[in-house]
Amino acid sequence: MSEVIYAIRGATTVEFDSVAGIDEAVKELFTEILAQNNLTEEEISFVLFSQTSDLKSRNAAAAVRKAGFCSAVPLFCVQEAEINGMLDKVIRVLIQVNHPRKSEPKMVYLNRASNLRPDLKR
């Protein structure tokens, strides 16, 4: 089977803008994505995070590194565009994977972010 490139999406929310809250939420989200997709870091090409402008205490990319992930994986974090009525305190992630696909990618939406993709609710 040849290598393929595909992406896995996910998101989570925090209740309060704090370093500890962001660290915990990012660690939980990243751990869950790796587990549900049976991924290793060697299979990840890069990770793109975005976060809403009301999260200022910690950059999500820094949080994933602090959690011990992605020491050799390029990371980038951007601020979400502000849209009227958008969900607040959200961290989103897009992971580019480069390996033979083992199964259909599983997108992971935790906490209030599960409302962003009701079609994926269990």
Side-chain angles (χ1 to χ4, degrees):
M1 190 180 225
S2 63
E3 290 193 345
V4 296
I5 297 173
Y6 64 95
I8 297 171
R9 295 267 303 133
T12 191
T13 56
V14 297
E15 291 306 310
F16 303 102
D17 178 25
S18 68
V19 170
I22 292 171
D23 285 351
E24 182 180 316
V26 169
K27 182 178 181 180
E28 177 187 33
L29 177 62
F30 207 77
T31 300
E32 191 67 20
I33 288 172
L34 292 180
Q36 284 195 30
N37 289 281
N38 194 26
L39 282 179
T40 64
E41 288 189 30
E42 292 76 28
E43 297 168 318
I44 298 173
S45 298
F46 72 85
V47 180
L48 173 65
F49 288 97
S50 68
Q51 57 194 66
T52 52
S53 64
D54 50 6
L55 297 177
K56 299 179 186 302
S57 296
R58 165 86 77 195
N59 175 306
V64 85
R65 287 225 201 273
K66 182 175 184 272
F69 296 110
C70 298
S71 62
V73 175
L75 305 175
F76 196 72
C77 186
V78 297
Q79 182 177 313
E80 282 285 326
E82 292 188 36
I83 307 297
N84 291 335
M86 69 189 290
L87 187 62
D88 65 332
K89 297 179 184 67
V90 178
I91 299 167
R92 291 176 173 85
V93 65
L94 174 68
I95 300 172
Q96 181 175 304
V97 179
N98 188 14
H99 73 87
R101 190 179 294 193
K102 303 167 194 169
S103 61
E104 278 303 305
K106 294 177 181 69
M107 310 307 163
V108 177
Y109 289 79
L110 304 175
N111 303 310
R112 291 181 300 114
S114 65
N115 294 323
L116 297 170
R117 291 295 306 268
D119 57 314
L120 298 177
K121 286 186 182 181
R122 297 178 218 160

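All residue numbers in this chain count up from 1 along the given sequence. Note that the structure is a prediction, hence the values are computed from the model and not measured.
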Next on the checklist: Would you say S57 and D17 are linked by a side-chain donor-acceptor pair, where the criterion is simply a distance under 3.5 Å?
Outcome noted: yes
Checklist entry - Out of curiosity, does V78 fall in the hydrophobic cluster containing L94 (side-chain heavy atoms, cut-off under 4.5 Å, transitive links)? => result yes
Next on the checklist: Test side-chain contact (heavy atoms from CB on, under 4.5 Å) on L55 and D88; report intermediate values, then the result.
Outcome noted: CA-CA 9 Å; L55 297 177; D88 65 332; over 6 Å; no
Item to check | Distance in Å, F46 CZ paired with F76 CZ, rounded so as to fall on 0.5 Å steps | outcome: 11.0 Å
Next on the checklist: Could you work out, with salt bridge (Lys or Arg N to Asp or Glu O under 4.0 Å) as the rule, every residue matching D54, not counting sequence neighbours?
Outcome noted: none
Checklist entry - Which residues, ordered by chain and number, are linked to I83 in its hydrophobic cluster, where ILVMFWY side chains connect at heavy-atom gaps below 4.5 Å, directly or through other members? => result M86
Checklist outcome for this item: In short, Y6 meets V4 closest at the heavy-atom pair CD2-CG2, 3.9 Å
Item to check | Spacing of N37 atom CG and I44 atom CD1 [to the nearest 0.5 Å] | outcome: 9.5 Å
Item to check | Considering all heavy atoms, the nearest M107-Q36 contact | outcome: O-OE1, 4.5 Å
Checklist entry - Does some side-chain heavy atom of I5 sit less than 4.5 Å from a side-chain heavy atom of Q96? => result yes
Item to check | Q51/R58 under side-chain contact (heavy atoms from CB on, under 4.5 Å): CA gap, chis, key distance, verdict | outcome: CA-CA 10 Å; Q51 57 194 66; R58 165 86 77 195; over 6 Å; no
Item to check | Closest non-hydrogen atom pair between V26 and A60, with its separation | outcome: CG1-O, 3.8 Å
Item to check | Donor-acceptor contact present, side-chain S114 to main-chain N111, <3.5 Å | outcome: yes
Item to check | Contact list for residues 33-52, test salt bridge (Lys or Arg N to Asp or Glu O under 4.0 Å), sequence neighbours left out | outcome: E43-K102
Item to check | Distance-minimising heavy-atom pair for T13 and A113 | outcome: CG2-N, 3.5 Å
Checklist entry - Is V73 linked to F30 within one hydrophobic cluster, defined over Ile, Leu, Val, Met, Phe, Trp and Tyr using a side-chain heavy-atom separation of less than 4.5 Å? => result yes
Checklist entry - Does the side chain of T31 reach to within under 4.5 Å of the side chain of F69, using non-hydrogen atoms? => result yes
Checklist entry - Counting distance only, does the side-chain N/O of S45 pair as donor-acceptor with the main-chain N or O of V97 below 3.5 Å? => result no
Checklist entry - Does any N or O in the side chain of T52 come within less than 3.5 Å of the main-chain N or O of V90, such that one atom is a donor and the other an acceptor? => result yes
Item to check | Residue from T12, V14, I22 passing side-chain contact (heavy atoms from CB on, under 4.5 Å) with K89 | outcome: V14
Checklist entry - How far apart are the C-alpha atoms of L29 and V93, what are their side-chain angles, what is the distance that settles it, and do they pass the side-chain contact (heavy atoms from CB on, under 4.5 Å) test? => result CA-CA 9 Å; L29 177 62; V93 65; 3.8 Å; yes
Checklist entry - Going through the checks in order, is the side-chain contact (heavy atoms from CB on, under 4.5 Å) test met by V64 and K27? => result CA-CA 6 Å; V64 85; K27 182 178 181 180; over 6 Å; no
Next on the checklist: If I compare all heavy atoms of L75 with all of A61, which pair ends up nearest, and what's the gap?
Outcome noted: CD1-O, 3.6 Å
Next on the checklist: Using a strict threshold of under 4.0 Å (side-chain N to carboxylate O), is an ion pair present between E80 and R92?
Outcome noted: yes
Checklist entry - Is Y109 reachable from L48 through a run of I, L, V, M, F, W or Y residues, each pair having side-chain heavy atoms under 4.5 Å apart? => result no
